[in-house]
J.: 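Here it is, the structure in full.
Computed from heavy atoms alone, side chains included, the values below leave out hydrogens, waters and symmetry copies. Positions are given from 1, in the same order as the sequence printed here. Everything numeric here is computed off the predicted structure, so don't read it as measured data. Both ligands and their constituent atoms are indexed starting at 1 by order of listing.
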Amino acid sequence: MEAKENYGVVVIGAGWYGLIAATTYLSLEPDANLLILDDGESIGGCWNSERIYPSLFAQVGHGLFEYSSYPMRKEGLTKDRYISGKTISDYLQSFAEKNDLLRRTRLNTTVAKAEKADKKWILTLRSSSKVSQVAAAKLIVATGVTSGAYMPDFQSDGFNKPIIHSSQIGPEMDHFTGPNVQRATVVGAGKSAFDTVFILLHSGKKVDWVIREDGSGPLAIVSPMVAGLLNTVDVMATRAFASFSPAILNTSGWWYSFIHRTAVGNFLTKLVWRNVTRIAEWEAGYHLSANAEKLRPIPKGYGVFWANSGLGLASVPNFWKVFHSGDVTVHRTGIARFADNNKVSLQNGHIIETDHVVLCTGWTHNLDLFDEETRAKYGLPSITGCSEKWQRLDAIGDKIVLEKLPFLRKNAPYTVTPRSQNRSWRLYRQLISPTMAAKGDNSVFFAGQIHTVCGPLVAEVQALWGAAFLQGRLDIPSLEVMEEEVAVWCAWTRRRYLEQGRRHAYSIYDHLAYIDILAKDLGLNTRRKSNFFSEMFMPYRPRDWRGLIREFLEAESNRLNTGNRNLEGLTNEARD
Ligand SMILES: Cc1cc2nc3c(=O)[nH]c(=O)nc-3n(C[C@H](O)[C@H](O)[C@H](O)COP(=O)(O)OP(=O)(O)OC[C@H]3O[C@@H](n4cnc5c(N)ncnc54)[C@H](O)[C@@H]3O)c2cc1C
Ligand SMILES: *[C@@H]1O[C@H](CO)[C@@H](O)[C@H](O)[C@H]1NC(C)=O
Ligand SMILES: *[C@@H]1O[C@H](CO)[C@@H](O)[C@H](O)[C@H]1NC(C)=O
Ligand SMILES: *[C@@H]1O[C@H](CO)[C@@H](O)[C@H](O)[C@H]1NC(C)=O
Ligand SMILES: *[C@@H]1O[C@H](CO)[C@@H](O)[C@H](O)[C@H]1NC(C)=O
């Protein structure tokens, strides 16, 4: 085998999380020998140029979906300020150019395997038919929670129509909106299913939409504007709104005490969410037809609160109008099989004909490049996540969650058992393995293993925390403290987001508290607005965090200069 190339740091993934991780790492260590790998044909991860399509709009408004010091152009926005896929794709490409990342990036390259050997990570790469290896002292994993297609294994003997996953919509767009497709079948009830049905109806196709009767039900969808006045995601990005979501990362202060520990506060919380859900359901118009009624989220009345199937935003113009006037039939049943040229047999006995099938069946965690042993060690979803030790910790975590957030117990739509999950993420701060960090292994962090709105800002703060960790510039607590944090977080996301929380590292309403926690670790100021009113009622935007790297460096040098010699010694050692 040829001699391996050696890198100081390798970043896997050139999406929102990978690009900012690379840039931040280089800001802290400009001479680093850094390589970015991505299996796409262009920069941008799931927003890259081949994956986007014309009706794709972010569910986040302009000003919130960008990095702090690199404003996005005001192009391709809907009248409600939601951003087109093209604008985001161009933004990420130009961000990479401006920060000189292109020459460090290798596209069309899949990392098939990542193993820790001795002191280095050995990565096995596949590019067309060529296999090669590179070695890296440090690894940043930013493979994305929405880039590994999950395709259930359906029986399909004798079926000869195309079956694609929603991730292939971009490349396949021309075919399935073209003349060869008159009638299409869409499977699934998440955001990608709603988007796919929209595209098909918008281009005049007849759609059969198949959604399982069991499972977590249809996506909860909120309107792009609140009362026609305020941008919904702007509201979600205020501390005032965030306070009404029981967040385990924010359980102190008078505001928390009032809302989450008093009867009046609990009552108000319920009222807010019931109203929010009512308004969302009214705007969606589930009451308008029997078909639409089948899309009402569960648990009924509080769908937007629990986000049991996730939370979406009708950001593409005329979303509900197109749905209500389109030729669509919703089938609440499963797929039995595909057969006989063009037939889809449903579990309820019906047989429909189709010209094209789009499986909107969601995503895998896309971490198969790590073998079972590595996953177990590094806190990735694995069978050891269910060990006796974790079962004990999970039970403790669950107790803490219910004690701090009684709302989640009193209002749970069904009895949630505090069961350990095989597939839990066991990452401290959602970023690093407690076990390995406690052993002094600071060779890897996992960026973006969290479902949130305002991803770019989360990505930026994670990038700084992660880079500081890799460079040995962050103090890490004891193993016990880290493991308890992990258990509490897992218990909380399961209680808070039900099915989503069981399956994913889900945290859709809680990014402000999460960012604050990371920022505090880094010594950054978390109150970034000029007065109390703005702090509470104005949306937190990435630009509020401008200058965070400089602030971190100042905080670090203050800490080192205040005579804490021990710490300095330790830091230098860790840096070697
Ligand atoms: C259609 C769509 C719409 C979305 N809309 C929104 C939205 O409106 N708001 C929002 O907040 N989030 C949205 N998301 C969620 C999305 O996860 C985030 O917007 C964000 O792009 C995640 O960035 P990332 O860098 O973590 O992952 P990605 O953008 O997925 O980037 C990861 C990259 O790594 C590559 N990769 C993975 N594994 C390997 C490997 N082994 N070897 C080589 N390369 C690999 C992937 O192919 C991908 O190119 C959307 C996702 C999709 C698919
Ligand atoms: C990646 O692969 C595609 C398709 O095979 C090809 O068109 C493109 O030029 C390649 N890009 C790079 C940067 O290698
Ligand atoms: C919220 O619900 C209450 C009680 O049903 C109602 O009186 C109030 O007007 C609602 N508020 C909004 C904003 O819908
Ligand atoms: C967890 O994995 C073990 C071992 O593979 C298996 O026996 C068990 O059924 C799994 N539990 C869950 C909840 O998936
Ligand atoms: C918790 O919420 C309160 C009220 O919104 C806010 O003032 C405080 O900064 C938050 N703390 C954290 C850690 O997010």
J.: Closer than 4.0 angstrom, basic N to acidic O: yes or no for D368 and K113?
T.: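 Salt bridge absent between D368 and K113.
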J.: Taking any residue with a non-hydrogen atom under 4.0 angstrom from an atom of ligand 2, which ones do you get?
T.: E41, N108
J.: Applying side-chain hydrogen bond (donor to acceptor under 3.5 Å, both in side chains) to Y506 and E499, what does each step give before you reach the verdict?
T.: CA-CA 10 Å; Y506 207 78; E499 273 310 303; over 6 Å; no
J.: Using a cut-off of under 3.5 Å, which N/O atoms of ligand 1 pair up with protein N/O atoms, and what distance separates each pair?
T.:
from     : atom 1 : to   : atom 2 : distance (Å)
ligand 1 : 8 (O)  : Q59  : N      : 2.5
ligand 1 : 11 (O) : T452 : O      : 3.4
ligand 1 : 17 (O) : T146 : OG1    : 2.7
ligand 1 : 19 (O) : W47  : NE1    : 3.0
ligand 1 : 21 (O) : W47  : NE1    : 3.1
ligand 1 : 25 (O) : W16  : N      : 3.2
ligand 1 : 25 (O) : Y17  : N      : 3.0
ligand 1 : 29 (O) : C46  : N      : 2.8
ligand 1 : 34 (O) : D38  : OD2    : 3.4
ligand 1 : 38 (N) : N366 : ND2    : 3.4
ligand 1 : 41 (N) : V111 : O      : 3.0
ligand 1 : 42 (N) : V111 : N      : 2.9
ligand 1 : 44 (N) : D39  : N      : 3.1
ligand 1 : 47 (O) : D39  : OD1    : 2.5
ligand 1 : 47 (O) : R51  : NH1    : 3.4
ligand 1 : 47 (O) : R51  : NH2    : 3.3
ligand 1 : 49 (O) : D38  : OD1    : 3.0
ligand 1 : 49 (O) : D38  : OD2    : 2.9
ligand 1 : 49 (O) : R51  : NH1    : 2.9

J.: How about W121 and Y7: are their ring centroids closer than 6.0 Å?
T.: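 Between Y7 and W121, which both carry aromatic rings, the centre distance is not below 6.0 Å.
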J.: Between the side chains of D441 and K116, is the shortest nitrogen-to-carboxylate-oxygen separation below 4.0 Å, so that they form an ion pair?
T.: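 So K116 pairs with D441 through a salt bridge.
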J.: With sequence neighbours left out, write down each residue that passes side chain to side chain donor-acceptor pair (under 3.5 Å) with Q168, or none if nothing qualifies.
T.: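 If we apply the side chain to side chain donor-acceptor pair (under 3.5 Å) test to Q168, skipping adjacent residues, there are no hits.
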J.: Is the distance between the ring centroids of F65 and Y91 under 6.0 Å?
T.: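 Aromatic pair excluded; centres sit 6.0 Å or further apart.
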J.: Show me the donor-acceptor pairs, under 3.5 Å and distance only, between side chains in residues 225-237 and residues at least two apart or in other chains.
T.:
from : atom 1 : to   : atom 2 : distance (Å)
N231 : OD1    : Y82  : OH     : 3.3
N231 : OD1    : V233 : N      : 3.0
N231 : OD1    : D234 : N      : 3.3
N231 : ND2    : D80  : O      : 3.1
T232 : OG1    : S223 : O      : 2.5
T232 : OG1    : P224 : O      : 2.9
T232 : OG1    : M225 : N      : 3.3
D234 : OD1    : R81  : NH2    : 3.1
D234 : OD2    : R81  : NH1    : 3.1
D234 : OD2    : R81  : NH2    : 3.3

J.: Can we say K86 and D90 salt-bridge, meaning some charged N sits less than 4.0 Å from an Asp/Glu carboxylate O?
T.: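 Yes, this pair counts.
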J.: Considering the options R126, R106, R51, which one meets the salt bridge (Lys or Arg N to Asp or Glu O under 4.0 Å) requirement together with D39?
T.: R51
